[in-house]
Structures are given as structure tokens and as C-alpha cells.
Amino acid sequence: MAHILLVDDEPLVAESLSLAMTSIGHTVVAARNGVEAMQRVLEENVDLVVTDIVMPSKDGIEVIMEMRRARPDISVIAISGGGRHGTSDFLKMASGLGAFATLKKPIHLAEFVETLNRSLSV
Amino acid sequence: MKNDSKVLLIEDNAGDVRLIREMFRENSRHEAELTIVSTMREAEGHLATRQTDLILLDLGLPDAQGLEAVRLAHEAAPHVPLVVLTGLDDELLAVKALKEGAQDYLVKGDIDSRGLLRSVRYSIERKTAEKALRAESHELHKKEARIRSIAENLPGFLFQCFVDEADCIRFEVIWTPGFEFLDPMRSTSSGTAYSVLESVHPSDRQKLTDAIINARRIGSNWEQTLRLVAPADKELWVHATALMRPGEAGDTVWDGVALDVTDQIAMEMRNAELHVKLRQAEKLEAIGTLAGGVAHELNNLLQPIIMMTELVLANSLQSHRQVELLQRVVDAGNKAAEIVQRILAFGRIDEATLQLLDAATIVGEAVGFISPLLPSSITLNVDIGENVGMILGDKTQLTQVMINLVTNARDAIGAKVGTLSISLSNLGAGCDRPVLRAGVILRGAYAVLKVSDTGTGMDEAVVRRAFEPFFTTKEVGKGTGLGLSVTYGIVTGHGGQIQVDSIPDRGTTFSIYLPIKEVLSTAANPGAASNTASAVNTESSLSAALSARPEFVAPGSRTMHSSSR
């Protein structure tokens, strides 16, 4: 089972995604923004990063770009609930920047589990 | 008579000359300077060089007789009064002489000194008065011509308004070109006298009469901006200003001018309209921003609702009833998520993600999406050709185009029974190139999408403006006027062309030409059509970052910058 870094500033979103991941046996470390996330990556030996895009401080796009530079071996799954420019655009950006997969909120349990499995089996 | 009146006596009879000279001399109070000549020739010479106040003319001169003499004397000095001297038996001739312009006649042998001088004096005075009158009349005529010229060139008309004691209003108009319909001499079809008030727009009539009656009551001027209805229901805006002046017998009278302000009003209305549209556009922009924010918040709330419910559902301890209820929570969450998605889709037209699409599939899917929107009174004919080809495009945008065109077609048919036809065909490379309205000749292969309706159609003026942003023929609130300009933007953004053909009361056909792409890549990579979805549209800073880092761009993906379109 994997050790997964979850980055989201919304406590209820983080909790639901965290519950989903632990329910299938993964361990989860949480961060509330990009700055915290990059610290956790240094401190902990994570196998996968699941990050929100629209966040205060450092956003998800920056997390993806830094991860590509610092740890290209770790896959990133980008999630977004949309914003001024709409969900798909942020996710397209994330995808273009090298995110392994993108998921649009609200994410269903089945698709979330399937995406986690796919990214961990790489 | 002036004391120094210069009288020219034309007389060849010496006896008569003496007699007349005596008569002038007798009345010393009115001394006149008397010059005597005996022929018309001498008289003409004198009149040409000397000032003369009166001519006394004998009608039996050696070189001019009768009326001929009168005519010659008159010709020699047209402005000098003429008194003719005739014989006792020739009053008839004297009367004729008066008609030729003589002021008076005297009968020889029947003249006394007083009579002669009175005639001379009156003739001179009458002629002077006549001259003054003529000068005055000439001045008046010039003035009148000037006023008429001003009135006729006025961008409007002059009028007089009368109100009698019974508050009965009457207008008299000096109409000018463009306002002939106000001719007071015109009678109505019913044979009754025409009233200018009939030409005032019904909605403005009450306002005008109220203003006039009120002005009469308080004894003031009045001013009104109102519409006149010209023939063929053409509306003319005029601004009327009326100044009160004393009238006769209980009438109140105003003199006024009404200036044509139609263009000015039209411009003001256009500005107001534009203002409203700008505000509508700003509102749309604000709604878009708001929608983005709301969508983000709602999705973040829907996430725990849906996923936590699914987590509970995944636990097999639930009863059948509980599972059913929890499933409803998920269903409701899904519906809410769909609504959010629809709100987000609103107003996003400048972002395009190009991918290779099968034209027939796109159109087919859109038709499936659109047909439920049509009422049963509209028959839908769909004709999608086989193997039309692949186009490079944005699926969402092209679907948007279909929706816009079909919605317009539906609205053009309205509540009537009609037919809406959608066809997709292939304008192969070997076909004749149609020369489009815009004068564009298409080269290469094109997919041709036609959306036709049997609705109201558009006239040439509407067709010309159809793609203008904010131009709409729909009622306020029914259309933003953006649909066709968005459509135009999308089609040209796809390297395509759009053509509209319309006949009023017959219907409209929109034809959209989209370039067909060679699909060699499909042969090499069978999944290409569906797997090239990783194209990117980005903010400019990010696109710079992307082009600097080509390794981050998936192979085979394409980037389209909306700003370059």
C-alpha cells in the first residue's frame, strides 16, 4: 500500500478524499497549500501526490511544476473544483505540465480509486 | 406742389403757350419753372438732360400726335407725371391717354388757372406717392422673398396656432419640403377639413393639446417635442417652439417654428440602446465571474457530500432501504454537479481546444442533443452524408454553433408550423468552389453544414447586421444578440466560413464551411481521433512556460492561442 500526500485547502474535501484513500489501505499525509506540500515532500517518503489546483499561497500548478523539477519520479494527480476560468482549463494546464491524471470535483469514489490504482501501478 | 416745380410744356400752338404761361404767372403763390418746347424731339432732348417734375403734353404736335405722343413722352421719362392737353372734341382720346399712363387731362378752351395748377399739383403728388408706394412694395417683396427663402430652407416648418374661447385648437402651417403632408388645404379622405393635429402621433396628441390649453390659461409660450406621422407611417420628430402674441376677438395666437429633430432623437435613442446593451454585456461578464466563484464553492461542498455518501454505501452493513436513500443523496449530488457544470460553460467562447473530430459524429451528437428542444409544430429533417471527413475543431464550440443556429431557426419559425433542416455534406476537392457572399473562394475540401428554416426570414438590412455583436431582432430578454457573433467567431476561428441566405417570409439558410483535414495520422495511429485530447489552451505566461518546456507537451498535441484568432 502507498503513502500519499494530499494537498487541499478545504477541510471537508481533504477529509472525504483522505477517508477514501485510507478505506482502501493507503496512508495519507495532508497539506493545506503548496508551500506545506513541498515541505512534506522533503520530509516524507511519499509515493504519490494528489493536489488541488486553486489554493492560497502556492497553488497546484506550481506544485506540479516544482514536483517535475524536484521529484520527476513521483506521479501527481491534479484535482479541481473550477474557478474563474472553469475547471477543465486548470486541469488542461495541469495535464499539459505533466500531471499523471486529472480529476474534476466532485470526484466519485470509483473513479478516484481507479485513478489511484492506475498511477501507483506505473 | 413745390414752388420750384419744373414743368415741361410740349406745345406747338403759340396761342396755347401764351395762355398757359399766363395761367402759371397769375398764380404767383405756386411759381413753377416752366420750360416750353414745340416738338417731341426737343422734348426728348430736354427730358434726357434736365430734371422734370411734370410734363404738359399737347396731343397735336408736328412730330407726334395722339396716343403716339403719349407713348413717346412716357418712354422718354417713364417716372415723370404726364398731363395731356386735348381739344374740346376729343375727350375720348384723353381717356385713352389716361390708360397709357397719363395722370390727368385738360381740355383746351375749358381751362382756368386754378384748375390747371390743381391738376399739375395733384399729378405731381400722386406720382410721388405712387413712386413711394412702389419703392415700399419693392422692399416688402424683397423681404417677403427673404422670409419665404428662410421658411422653405428651414429644417422644419413655421406655424401659427390659434385657440378660441371654446379651447378649439387650430394650426396653420407654412409647410416645407418633407412636410407637405401638413398642407392645410389638404382635405381628408372623409371629405372633412384636415387638421394638423391629425398628423401628430396619437401618443403625443394629448400631451400637445394639454400644453397648448395650459399655455392659453396662463398666457405663456409653449414648447413641445413630438412625433408627426408622415405618409407611409414614417415618424418624424419635431421640436416646436411657439411664442404668444395678442390675437383678435378672444383668440389666443402663437407664432411658432417646428424643427425636425428626427436624426438627433434617433441618435439619442441609439446611444441609450447601446448603453443598455453595454450594461447587459457587463452583467453577463459579472455573472460569468460570479458563476465561476459559485461553481468552485459548490463543487468543494459536493465533493464531501458525494464521496462520503459513497464511502458509507461501500460499507455492506447498510440495509436495502438505507442503500436506497443514500443512493438518492448521490443522485441529487450528481444533478447539482451537472448544474454547476452548465453554469461554468456559460460565456466561455474564447477558449478553444482543437482536436481531430469526425464531422458527422459531431453533427449527429448535436442533433441528438438539440431535437428535444424543438416543439412538435416543427418538423426536423436531418441529412448527414457518409464519410464527410475529419475536421480540426473544438467539440464544445462546434456544438455551441449548432445550438445557436438551431435555436435561431426555431425562433424564426416561432409558433407556426414549419420545417427545420440540418444537412452535412462534403464539398470535395474536385467540386466547383462556391463564391460566397463575402467574396471568398474556398480552396481545398470542406465539410458543409446547412441549417435551414421555413421561418420569417430576414431582409437585406438585417442580414447585413446579423453577425454584429448585440444585434438582435428578438425582444428584450429573449436574446442577447451575441449568438450569431459568437457563431461567427467560432467558425472563423476554425478557419471556416459562414454564409447566410434569407428571403423574408420564406426562411433562412445558414451554411457553414469547415476545412477538412487530411487524416493520414489516423491511419498511422488508429486511436488518434480520440487520443489527441491533450491539447492545451493557456494563459499567455503559461503558454510561454509550455513552449520553453516542450517535454511537458504531449506528443502530437496542438496548441491554439485564442488571442491570435
Side-chain angles (χ1 to χ4, degrees), chain A residues 6 8-24 50 52-55 59-62 64-69 72 76 79-113, chain B residues 285 288-315 330 333-334 336-338 340-341 343-348 350-353 396 533-539 541-543 545-547 549-554 557 559 562:
Chain A
L6 174 65
D8 203 308
D9 59 324
E10 288 290 330
L12 275 171
V13 173
E15 194 183 345
S16 67
L17 295 178
S18 179
L19 279 171
M21 291 187 281
T22 52
S23 76
I24 54 171
V50 177
D52 186 24
I53 306 263
V54 184
M55 290 182 296
D59 68 26
I61 296 290
E62 289 172 283
I64 296 164
M65 290 171 83
E66 282 190 32
M67 285 298 291
R68 290 300 308 192
R69 225 171 7 242
V76 178
I79 57 176
S80 178
R84 212 185 114 71
H85 299 281
T87 316
S88 50
D89 306 303
F90 289 138
L91 294 179
K92 275 175 205 157
M93 272 184 225
S95 172
L97 288 168
F100 177 82
T102 58
L103 291 170
K104 213 190 291 189
K105 290 180 194 172
I107 306 155
H108 284 272
L109 182 58
E111 65 174 329
F112 191 44
V113 170
Chain B
E285 167 76 23
T289 307
L290 182 70
V294 168
H296 183 252
E297 295 301 311
L298 285 180
N299 281 338
N300 275 337
L301 290 170
L302 288 169
Q303 181 60 61
I305 291 171
I306 290 173
M307 189 163 278
M308 287 181 182
T309 309
E310 284 177 337
L311 281 165
V312 177
L313 272 172
N315 183 329
V330 175
N334 286 341
E338 271 174 43
V340 171
Q341 230 22 66
I343 294 171
L344 269 182
F346 176 86
R348 292 166 54 214
D350 57 346
E351 299 151 7
T353 306
T396 316
S534 52
V536 203
N537 178 41
T538 63
E539 301 289 315
S541 60
L542 212 58
S543 65
L546 284 171
S547 49
R549 294 169 177 276
E551 71 269 27
F552 289 153
V553 181
S557 74
T559 306
S562 55

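Within every chain, numbering begins at 1; the chains are lettered A, B, ... in the order of the sequence lines, protein sequences first and strands thereafter.
At least one side-chain heavy atom of Pro304(B) sits less than 4.5 Å from a side-chain heavy atom of Val13(A).
If you take CD on Glu310(B) and OG on Ser16(A), they are separated by 10.0 Å, rounding to the nearest 0.5 Å. We find the CZ-CG distance between Phe112(A) and Leu311(B) to be 10.0 Å, quoted to the nearest 0.5 Å.
Counting heavy-atom pairs closer than 4.5 Å to chain B, the top-ranked of the candidates Ile79(A), Leu19(A), Asp8(A) is Leu19(A).
Closest approach of Val330(B) and His108(A) over heavy atoms only: CG1-CE1, 4.1 Å. Considering every non-hydrogen atom in both Leu17(A) and Met307(B), the closest pair reads CD2-SD, 3.6 Å. Taking each heavy atom of Lys105(A) and Asn300(B) in turn, the nearest pair found is NZ-OD1, 2.6 Å.
When heavy atoms are compared at a cutoff of 4.5 Å, Leu302(B) approaches chain A by way of both its backbone and its side chain. In this structure, the portion of Glu10(A) lying under 4.5 Å from any heavy atom of chain B is its side chain and not its backbone. For a residue to count as touching a neighbouring chain, one of its non-hydrogen atoms must lie under 4.5 Å from one of that chain's; by this rule Ala314(B) touches chain A with the side chain only. Looking at Asn334(B), only its side chain comes within 4.5 Å of chain A, counting heavy atoms on both sides.
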